[in-house]
**Student:** 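One structure is given below, represented as structure tokens, and several questions about it will come after.
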Protein chains: 2
Amino acid sequence: MADASGSTGPTASPLFLREAEIRRGIELLYFGHAAMVRGADRILAARGLGRAHHRALYFIGRRPGLAVSELLRLLAITKQSLSRVLSDLQRLGLVESRVGEADRRQRRLRLTAEGERLEAELFAALKERMARAYAQAGQAAVGGFWAVLSGLIPPEDRALVLALDREGRKPGGKRP
Amino acid sequence: MADASGSTGPTASPLFLREAEIRRGIELLYFGHAAMVRGADRILAARGLGRAHHRALYFIGRRPGLAVSELLRLLAITKQSLSRVLSDLQRLGLVESRVGEADRRQRRLRLTAEGERLEAELFAALKERMARAYAQAGQAAVGGFWAVLSGLIPPEDRALVLALDREGRKPGGKRP
DNA sequence: CATAGTAGGTCAACATGGCTGACGCATCCG
DNA sequence: CGGATGCGTCAGCCATGTTGACCTACTATG
């Protein structure tokens with residue numbers, strides 16, 4: 001690690017399980033997450049959307065063609081809550097759904113061109129902040145960042161999250 | 001963007017700034033944070049409290065004697081929102097407020113014995129998860145975790161967050 | 001093929017926790 | 001003294017989560 005943890009004070013001591021270290025993690029996680037989330041609020045407000053819309057948009061953009069049930073598992077909310085958000089997004093022409101080919105009960109979701117435009121704008125805001133943090137902290141720190149975070153996620157969910165990364169989406173391509 | 005992995009730029013740009021790495025960070029941060037927050041829900045529900053109560057309780061426990069305005073800055077909500085939460089906590093005998101000594105307009109907040117008991121229980125749940133993640137990831141990873149997160153926080157807020165760690169606890173406080 | 005199970009949509013009611021706006025005090029400070 | 005500050009409160013609205021019940025369309029199975 002590029003010993004770039006300068007602004008965070010002393011590096012983790014052998015006693016990193018002590019209360020102070022735990023609290024530091026809790027607090028940085030809280031404020032770091034809050035900072036990311038707020039970073040997109042202006043863009044959303046300009047469209048009359050909320051954070052719930054952002055989350056749905058993000059995952060649909062991330063896994064084009066995902067089924068509603070898959071999105072529900074990722075968001076961990078009820079289908080009634082999702083339905084409001086999803087129908088907003090469809091009404092605004094940001095998301096469209098197609099009947100599944102293999103299983104015609106499914107509705108496979110994807111972004112429209114306009115939806116992709118908005119998602120790109122939102123992602124740019126997130127990216128700017130995250131990229132700056134990565135650059136400041138150094139490459140090795142990024143590995144540590146990932147390692148701790150993935151340890152926080154319960155094993156059942158972890159596979160789901162890591163699966164987001166597999167098989168990059170290609171615009172225009174179809175996902176199974 | 002996401003400048004293809006195939007094309008090597010003029011100067012090999014750092015791998016970790018590529019889109020996939022940014023998205024991985026966004027997603028792990030989201031799910032890691034969600035896992036931590038949910039980890040306390042059972043305990044809160046058993047007392048009929050919500051996450052907003054937890055956040056207030058946490059910071060009051062962290063900085064006994066803080067003023068309402070300081071808590072407001074940390075939580076970044078309006079005083080009307082806070083007032084509901086705070087009056088719940090006071091009504092339940094978990095938090096008490098005293099008139100400030102230097103400035104008698106202030107109300108300095110602290111946990112009651114019962115409030116400390118609940119906070120300890122909530123902290124134990126958070127700690128278990130965080131400690132396991134720290135242990136799995138290793139000591140060096142923890143430093144990276146902190147470094148990236150603190151880079152996410154806007155500079156104005158960063159000082160506020162880091163100040164939580166400084167021992168300002170009043171005399172009489174027992175901290176190892 | 002009948003039927004049970006699954007994917008999804010919808011209606012209705014309610015809880016939580018944000019927000020704005022408008023006041024009212026007590027207190028501090030120039 | 002008079003304005004600014006710290007705090008509390010009333011009143012109403014909005015976003016987003018919850019349960020529970022019920023419906024259609026489709027799949028899978030005995």
Side-chain angles (χ1 to χ4, degrees), chain A residues 30 33-34 37-38 40-60 65-92 95-110, chain B residues 30 33-34 37-38 40-60 65-92 95-110:
Chain A
Y30 171 70
H33 178 263
V37 163
R38 285 183 194 125
D41 282 350
R42 277 200 350 273
I43 300 170
L44 291 165
R47 300 255 194 165
L49 299 175
R51 292 171 179 180
H53 300 99
H54 186 186
R55 291 192 287 275
L57 215 49
Y58 181 93
F59 288 118
I60 295 170
L66 53 36
V68 172
S69 61
E70 294 165 343
L71 183 53
L72 282 173
R73 283 207 59 198
L74 285 168
L75 295 173
I77 59 176
T78 60
K79 66 176 176 175
Q80 294 92 326
S81 295
L82 178 58
S83 103
R84 261 186 313 224
V85 167
L86 219 44
S87 55
D88 285 347
L89 294 175
Q90 286 175 309
R91 185 172 35 75
L92 294 172
V95 163
E96 62 180 10
S97 84
R98 301 179 193 167
V99 169
E101 285 177 28
D103 185 338
R104 293 167 42 79
R105 291 172 302 180
Q106 295 182 330
R107 296 294 177 271
R108 320 220 84 158
L109 304 167
R110 62 191 63 244
Chain B
Y30 170 70
H33 177 263
V37 162
R38 283 182 195 130
D41 282 350
R42 278 200 349 272
I43 301 170
L44 291 164
R47 301 254 194 165
L49 299 175
R51 292 171 179 180
H53 300 100
H54 186 186
R55 291 192 287 273
L57 216 47
Y58 181 92
F59 288 117
I60 295 170
L66 52 39
V68 173
S69 61
E70 293 165 343
L71 183 53
L72 282 172
R73 282 207 59 198
L74 285 168
L75 295 173
I77 59 177
T78 60
K79 66 175 177 175
Q80 294 92 326
S81 295
L82 178 58
S83 103
R84 264 187 311 221
V85 167
L86 219 43
S87 56
D88 286 347
L89 293 175
Q90 286 175 310
R91 186 172 35 75
L92 293 171
V95 163
E96 61 180 11
S97 83
R98 302 178 193 167
V99 169
E101 286 177 28
D103 185 337
R104 294 166 41 78
R105 290 172 303 179
Q106 294 182 330
R107 296 295 177 270
R108 318 220 93 164
L109 305 167
R110 60 192 63 245

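In what follows, chains carry the letters A, B, and so on, assigned in the order in which the sequence lines appear, proteins first and then strands, with residues in each chain numbered from 1. Just so it is clear, the structure is predicted and the values come from calculations on it, not from any experiment.
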**Student:** Between CG of Leu75(A) and CG of Leu86(A), what distance do you get to the nearest 0.5 Å?
**Tutor:**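 Answer rounded to 0.5 Å: 9.5 Å.
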
**Student:** Between P on dG8(C) and CD on Gln106(A), what's the gap in Å once rounded to a whole number?
**Tutor:**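 Atom-to-atom, Gln106(A) to dG8(C), this comes out as 5 Å.
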
**Student:** Find the distance between CG (Leu74(A)) and OG (Ser69(A)) and round it off to the nearest 0.5 Å.
**Tutor:**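 Leu74(A) atom CG to Ser69(A) atom OG measures 10.0 Å (nearest 0.5 Å).
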
**Student:** Keeping Arg107(B) on the side-chain end and Arg105(B) on the backbone end, is there a donor-acceptor pair under 3.5 Å?
**Tutor:**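 Checking the backbone N and O of Arg105(B) against the side chain of Arg107(B), a donor-acceptor pair under 3.5 Å is found.
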
**Student:** May I have the distance from Glu70(A) (atom CD) to dT6(C) (atom P), rounded to whole angstrom?
**Tutor:**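 After rounding, the gap between these two atoms is 16 Å.
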
**Student:** I need the minimum non-hydrogen distance between Ala40(A) and His54(A), along with the two atoms involved.
**Tutor:**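 Closest approach of Ala40(A) to His54(A), heavy atoms only: CB-CE1, 3.5 Å.
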
**Student:** Locate the shortest heavy-atom distance separating Leu71(A) from Phe59(A); write the atom from each residue and the value.
**Tutor:**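 Closest approach of Leu71(A) to Phe59(A): CD1-CB, 3.8 Å.
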
**Student:** Mind checking whether Leu89(A) and His53(A) have side chains closer than 4.5 Å, heavy atoms only?
**Tutor:**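 Yes, at least one pair of side-chain atoms sits under 4.5 Å.
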
**Student:** Let me confirm one number: the CD-CD distance from Glu101(B) to Gln106(B), rounded to the nearest 0.5 Å.
**Tutor:**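 Going from the CD atom of Glu101(B) to the CD atom of Gln106(B) covers 11.0 Å.
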
**Student:** Please encode protein proximity along nucleotides 15-23 of chain C as a string of B, S and -, counting only heavy-atom distances under 4.0 Å.
**Tutor:** --BBBBBB-

**Student:** Mind checking the CD-CD1 spacing from Glu70(B) to Ile60(B)? Nearest 0.5 Å is all I need.
**Tutor:**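 One finds 11.5 Å between CD of Glu70(B) and CD1 of Ile60(B).
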
**Student:** I'd like the 5' and 3' limits of the part of DNA chain D contacted by chain A, with heavy-atom contacts below 4.0 Å.
**Tutor:**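 The footprint of chain A covers dT16(D) to dT27(D).
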
**Student:** Taking atom CZ of Arg42(A) as the centre, report whether more than 12 heavy atoms of other residues, nucleotides or ligands fall under 6.0 Å from it.
**Tutor:**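 Counting neighbours around CZ of Arg42(A), 12 or fewer heavy atoms of other residues, nucleotides or ligands fall under 6.0 Å, so no.
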
**Student:** Could you work out, with ring pair (Phe, Tyr, Trp, His ring centres under 6.0 Å) as the rule, every residue matching His33(B), not counting sequence neighbours?
**Tutor:**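 Ring pair (Phe, Tyr, Trp, His ring centres under 6.0 Å) check on His33(B) returns His33(A).
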
**Student:** Please give me the minimum heavy-atom distance between Glu96(B) and Gln90(B), naming the atom from each residue.
**Tutor:**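 Closest pair (atom of Glu96(B), atom of Gln90(B), distance): C-NE2, 4.2 Å.
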
**Student:** Do Val85(B) and Ile77(B) have side chains that approach each other closer than 4.5 Å (heavy atoms only, starting at C-beta)?
**Tutor:**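 They are not in contact (no side-chain heavy atoms under 4.5 Å apart), so the answer is no.
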
**Student:** Find the bend of the helix from dC1(C)-dG30(D) to dG30(C)-dC1(D) as the angle between its two terminal axes (five pairs each), to the nearest 10°.
**Tutor:**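 So the angle between the two local helix axes works out to 30°.
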
**Student:** If you look only at pairs with a residue in residues 50-59 of chain B, which of them pass as a salt bridge (Lys or Arg N to Asp or Glu O under 4.0 Å), with sequence neighbours excluded?
**Tutor:**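 Applying salt bridge (Lys or Arg N to Asp or Glu O under 4.0 Å) to every pair that reaches into residues 50-59 of chain B, excluding sequence neighbours, yields Asp41(B)-Arg51(B).
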
**Student:** Within the 4.0 Å limit for protein heavy atoms, which parts of nucleotides 25-30 of chain C are touched? Write it as a string from 5' to 3', B for base, S for sugar-phosphate only, - for none.
**Tutor:** -BBS--

